[in-house]
2 protein chains.
Amino acid sequence: MADANILNAGNTAASAQFLREAEIRRGIELLYFGYTNMVRGADGLLDSHGLGRAHHRALYFIARRPAMPVGDLLALLNITKQSLSRVLADLQTRGLVIQAVGQRDRRQRLLELTPEGAALEAALFEELRTGMAGAYAQAGQNAVTGFWAVLTGLIPAVDRPMIQELQAGL
Amino acid sequence: MADANILNAGNTAASAQFLREAEIRRGIELLYFGYTNMVRGADGLLDSHGLGRAHHRALYFIARRPAMPVGDLLALLNITKQSLSRVLADLQTRGLVIQAVGQRDRRQRLLELTPEGAALEAALFEELRTGMAGAYAQAGQNAVTGFWAVLTGLIPAVDRPMIQELQAGL
DNA sequence: CGAAATACGTCAACATGGCTGACGCAAATA
DNA sequence: TATTTGCGTCAGCCATGTTGACGTATTTCG
């Protein structure tokens with residue numbers, strides 16, 4: 001992160017060089033292939049449970065933030081409540097997720113994983129963990145820091161607090 | 001990249017520490033949000049042309065590798081030819097893509113962008129470029145190198161040559 | 001207190017972009 | 001010449017996103 005200040009301290013010539021199209025395209029492509037390969041890692045396990053990627057995303061975030069209200073999950077997933085409702089209905093029917101009435105605000109429905117849901121999420125996470133841990137180990141800690149920095153920069157500033165809250169204290 | 005050797009030279013205790021779950025989850029989440037925000041950047045322009053993300057992916061790769069045979073594009077996109085055929089039919093109908101018979105192998109159909117297709121791809125690329133260039137600039141060159149390294153590690157080794165060929169000489 | 005806003009659920013219809021299976025044809029290759 | 005390869009196509013299905021319209025319980029505000 002400190003590098004940014006050093007490198008871009010008014011050095012527009014170096015910036016222009018640095019931001020050449022080929023380097024941008026390389027980033028786009030690696031991001032595309034890296035992302036799709038990561039999520040593909042869990043497809044087999046999802047399939048064996050009759051679930052899809054949308055279910056995985058919901059399980060993932062509920063595991064990450066237990067007692068999350070439906071509205072917060074909607075904001076993270078950035079989909080409509082109608083889309084989410086199908087996914088949540090599936091998960092509840094299968095006994096993987098339960099809802100509790102909020103205590104502070106009784107209109108809220110707080111989402112929780114059942115023990116079975118937690119077990120499945122853990123198994124799904126393990127599939128992702130393997131790939132990510134391998135990539136981290138190959139690249140080294142310094143690279144991981146850069147990986148985080150660039151990805152953070154891709155997220156609109158308004159959305160960053162939401163994600164920081166997700167990751168806070170973990 | 002050299003860091004990896006230094007950091008992981010048989011230091012299993014440090015590795016275990018380094019690969020803690022929280023750091024894995026952070027990577028998963030940033031990769032998810034970073035990827036979705038990047039691709040979302042082009043949605044407006046795609047919409048205004050009546051196209052979707054699948055069309056964008058095809059346009060992108062055809063622009064990247066002119067005269068690419070259909071089979072190569074299928075391998076990059078990792079979808080079925082039936083799925084791709086719908087997308088290519090749309091693009092050809094709109095005059096954005098044309099096919100030429102291969103000279104070496106006349107069974108092949110080599111994909112090319114028309115001038116209109118190239119113009120649209122350039123505009124779509126500009127949407128992505130803005131976001132990626134901003135992230136690169138914020139994070140710094142050193143971070144970008146780490147970003148590439150981690151993402152490369154997420155791609156199965158068998159697939160890497162295909163992507164390197166895509167990026168070769170650019 | 002009463003009105004308005006909020007959090008959530010639901011029904012219905014539709015679009016996008018994946019998938020499988022089955023066939024056909026022209027061109028290259030064994 | 002027989003087989004394999006590269007590509008196209010018809011047909012149907014599935015997962016997951018969308019819009020629009022309503023309903024209900026609860027909270028908040030004037």
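On a predicted model such as this, the values are computed, not experimentally measured, just so you know. Every chain is numbered from 1 and lettered A, B, ... according to where its sequence line falls, protein lines coming before strand lines.
Looking at every heavy atom in both residues, A:Ser48 comes nearest to A:Leu45 through OG-O, 2.7 Å.
In this structure, CD on B:Glu121 lies 14.0 Å from CD on B:Glu116, to the nearest 0.5 angstrom. Between the CG atom in A:Asn78 and the CG atom in A:Leu84 there is a gap of 12.0 Å [rounded to 0.5 Å]. Rounded to the nearest 0.5 Å, atoms CZ (A:Phe125) and CD1 (B:Ile24) are 6.0 Å apart. Here the straight-line distance linking atom CG of A:Leu91 with atom CG of A:Leu96 works out to 6.0 Å at 0.5 Å rounding.
Under the 4.5 Å side-chain heavy-atom criterion for grouping Ile, Leu, Val, Met, Phe, Trp and Tyr, A:Val87 is not connected to A:Ile98 through any hydrophobic cluster.
With sequence neighbours excluded, the residues satisfying side chain to side chain donor-acceptor pair (under 3.5 Å) with A:Glu29 are B:Tyr60, B:Arg64, B:Gln167. In terms of the side chain to side chain donor-acceptor pair (under 3.5 Å) criterion, residue partners of A:Thr80 (sequence neighbours excluded) are, by chain and number, A:Ser83.
Seen from the ring of A:Tyr32, B:Arg57 does not count as a face-on cation partner, given the 6.0 Å and 45° thresholds.
Residue B:Glu165 qualifies as open at atom CD: its count of foreign heavy atoms under 6.0 Å is 12 or below.
Near DNA chain D, meaning a heavy atom under 4.0 Å away, the residues from residues 82-105 of chain A are A:Gln82, A:Ser83, A:Arg86, A:Asp105.
Ionic pairing of B:Arg53 and B:Asp43 is present here: one or more N-O contacts between side-chain nitrogen and carboxylate oxygen are shorter than 4.0 angstrom. Looking at B:Glu23 and B:Arg26, no side-chain N of the basic residue comes within less than 4.0 Å of a carboxylate O on the acidic one, giving no salt bridge.
Between A:Gly50 and A:Thr80, the residue whose closest nucleotide on DNA chain D is further toward the 5' end is A:Gly50. Nearest-nucleotide positions on DNA chain D for A:Arg106 and A:Arg57 put A:Arg57 closer to the 5' end.
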Practice task
Give the C-alpha distance, both sets of side-chain angles, the deciding distance and a yes or no for side chain to side chain contact (heavy atoms under 4.5 Å, CB included) between A:Lys81 and A:Val70.
Solution key: CA-CA 9 Å; A:Lys81 62 178 176 175; A:Val70 171; 6.0 Å; no
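Along DNA chain C, the stretch of nucleotides lying under 4.0 Å from any heavy atom of chain A spans, 5' to 3', C:dT6 to C:dC11. On the nucleic acid side, DNA chain D contacts chain A at distances under 4.0 Å to non-hydrogen atoms, with the end points of that region at D:dT16 to D:dT27.
Annotation: the terminal axes of the helix from C:dC1-D:dG30 to C:dA30-D:dT1 meet at 30°, where each axis is the rotation carrying the C1' atoms of four end pairs onto the next four (5 pairs per end, rounded to 10°).
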